[in-house]
There are 2 protein chains.
Amino acid sequence: MIVDDHPLMRVGVASIINARSDMAVVAQTGTGEEAVTLFAHHQPDVTLMDLRLPQMSGVDAILAIRSRFPQSKFVVLTTYEGDEDIHRALEAGAKGYIIKGMPYQTLVEALLRVHTGGRFLPPPVARALASRMPDSELSSREKEVLRHLVAGMSNKEIAGLLGITEATVKCHVSTILMRLDVSDRTQAVVTALQRGLIHL
Amino acid sequence: MIVDDHPLMRVGVASIINARSDMAVVAQTGTGEEAVTLFAHHQPDVTLMDLRLPQMSGVDAILAIRSRFPQSKFVVLTTYEGDEDIHRALEAGAKGYIIKGMPYQTLVEALLRVHTGGRFLPPPVARALASRMPDSELSSREKEVLRHLVAGMSNKEIAGLLGITEATVKCHVSTILMRLDVSDRTQAVVTALQRGLIHL
DNA sequence: CATCCACGATCATTATTTTTATTTTTGGAT
DNA sequence: ATCCAAAAATAAAAATAATGATCGTGGATG
């Protein structure tokens, strides 16, 4: 099954797969919601999943499907959006992760390896994952503050919105800056976007 | 000719086009540099151009080609990256602009219309272009300062780097905030990224 | 018990606005 | 080709607001 919100990309992937005698596309869609229902109908051997989808994200779709079909196998196919996406996808249960822009042989390799129970992480992906500092894990509250930071809100506005004191917001911001290893909020916003912690 | 750095996307586009009796793909590549040389060899009727390419951007490729072949016709095919990209592409001479994620019939329509000398701007694209405030044009110096803002530099650092006073940097930042219609540098960074004024 | 969350207070630094003024550049108009 | 007007870049000063660092305290949670 192919899940990608770009119809042309689905056509490309489908023609690569259907050109082989040992693979076939049994279903395709552009939304995570439909992916969940389609999976139940077709139970494909391997699902190729884009992460950036309208509404429900690819990670959420993987989680939803795997909660009902724990044996389901996923290969993520996406544009590079930072190490956070890689981490979340693998944590959700994806066994392969390839990046649009890699030669299409890589796609075939990944599907074969994952189908036979293996994993597939190309060197650039593995490297991005390894460079992730474990210290950069943010608490849920900190992620919430970070989202408002990215929205361009001041400490005072965030305090009002969350119903806490400005002092507390400052405290959160300070720990965010420490964890992201930056020195001001603007840099925090940029690295959060770069690493895929927050999506625009 | 197809120019896109995602091989799978090229396969998808090519199979849509080659399935028709009235069109054919004569060349394809993933870089702007090769697009320029390939164009000279094949002189395709219409060139399908992605904007986000490694090294040389799609806009630069269009400009380079049109400087030697002013009659050349371009349709931009890209993921939505903000109104600034649309504006720059049309200014560079593109006659069509479609977004990956639109149904593939749109691609065929656009190619036909542009080939017969017409234009093709889907409503969402036209709307994004219309919502561009003419007041938001930044001078080249201001864009330079904005790039350093996105890099997370302080006014003092920018002043040192550009060899000007901190007071001057403050002035530039203030006009940038006014033109982008925001109230602080963090918001400026976010909207600059959203609208495609600066690329990460 | 370690971590997260919340709060308070001080303090130095940085950011932003406003105003004023000089120099350079640019785009037309004559 | 030259002149004029508008725009942009530069700079300075002064005042207000916001930010970030660094202390410390306490409650809640798993």
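Chain identifiers are assigned alphabetically (A, B, ...) following the order of the sequence lines, protein sequences preceding nucleic acid strands; residue numbering begins at 1 within each chain.
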Distance from B:Ser174 atom OG to B:Arg185 atom CZ, nearest 0.5 Å? 10.0 Å
Whole-Å distance separating the CG atom of A:Leu177 from the P atom of D:dT22: 11 Å
Non-neighbouring partners of B:Leu177 that pass side-chain contact (heavy atoms from CB on, under 4.5 Å), sequence neighbours left out: B:Val173, B:Val182, B:Ala188
Taking only N and O in the side chain of B:Thr175, is any of them less than 4.0 Å away from OP1 or OP2 of D:dA8? no
Could you tell me from which nucleotide to which nucleotide of DNA chain C, 5' to 3', there is an atom under 4.0 Å from chain A heavy atoms? C:dC4 to C:dG8
Holding to side-chain contact (heavy atoms from CB on, under 4.5 Å), I want the full list of residues that pass it with B:Ser139, two or more places apart in sequence or in another chain. B:Arg141, B:Glu142
Any ring-ring contact (aromatic ring centres under 6.0 Å, His included) pairs touching residues 152-182 of chain B, not counting sequence neighbours? none
Between B:Met23 and B:Val46, is the side-chain contact (heavy atoms from CB on, under 4.5 Å) condition met? List the steps. CA-CA 10 Å; B:Met23 300 182 187; B:Val46 182; over 6 Å; no
Do A:Leu200 and A:Leu51 sit in one hydrophobic cluster, given that two such residues count as connected whenever their side-chain heavy atoms are within less than 4.5 Å of each other, even indirectly? no
If a pair satisfies ring-ring contact (aromatic ring centres under 6.0 Å, His included) and one of its residues is in residues 79-104 of chain B, list it, with sequence neighbours excluded. none
Sub-4.0 Å heavy-atom contacts from residues 157-174 of chain B onto DNA chain D, ordered by number: B:Ile164, B:Thr165, B:Ala167, B:Thr168, B:Cys171, B:His172
Interface polar pairs with nucleotides 25-30 of chain D, N/O, under 3.5 angstrom:
none

The side-chain contact (heavy atoms from CB on, under 4.5 Å) partners of B:Asp181 (sequence neighbours excluded) come to B:Met133
Given axes from five pairs at either end, by how many degrees does the helix from C:dC1-D:dG30 to C:dT30-D:dA1 bend, rounded to 10°? 60°
Donor-acceptor under 3.5 Å (B:Gln187 side chain, A:Gly152 main chain): yes
Which side-chain N or O atoms in residues 70-77 of chain A pair as donor and acceptor under 3.5 Å with protein atoms at least two apart or in another chain?
| residue | atom | partner | partner atom | Å |
| --- | --- | --- | --- | --- |
| A:Ser72 | OG | A:Phe69 | O | 2.7 |
| A:Lys73 | NZ | A:His115 | O | 3.0 |

Looking at A:Asn155, I'd like to know whether one of its side-chain N or O atoms comes within less than 4.0 Å of OP1 or OP2 on D:dT19. yes
Name all residues meeting the side-chain contact (heavy atoms from CB on, under 4.5 Å) criterion together with B:Leu161; count only those two or more places apart in sequence or in a different chain, and write none if there are none. B:His148, B:Met153
Which atom pairs, donor and acceptor, lie under 3.5 Å between side-chain atoms of residues 2-9 of chain B and protein residues at least two apart or in another chain?
| residue | atom | partner | partner atom | Å |
| --- | --- | --- | --- | --- |
| B:Asp4 | OD1 | B:His6 | N | 2.8 |
| B:Asp4 | OD2 | B:Lys100 | NZ | 2.9 |

Kindly give the heavy-atom pair with the smallest separation between A:Ala24 and A:Ile17, and that separation in Å. N-CG2, 3.9 Å
Distance check needed: D:dT19 P versus B:Lys156 NZ, whole Å only. 19 Å
Between B:Arg185 and D:dA18, is there a side-chain N or O to OP1/OP2 distance below 4.0 Å? no
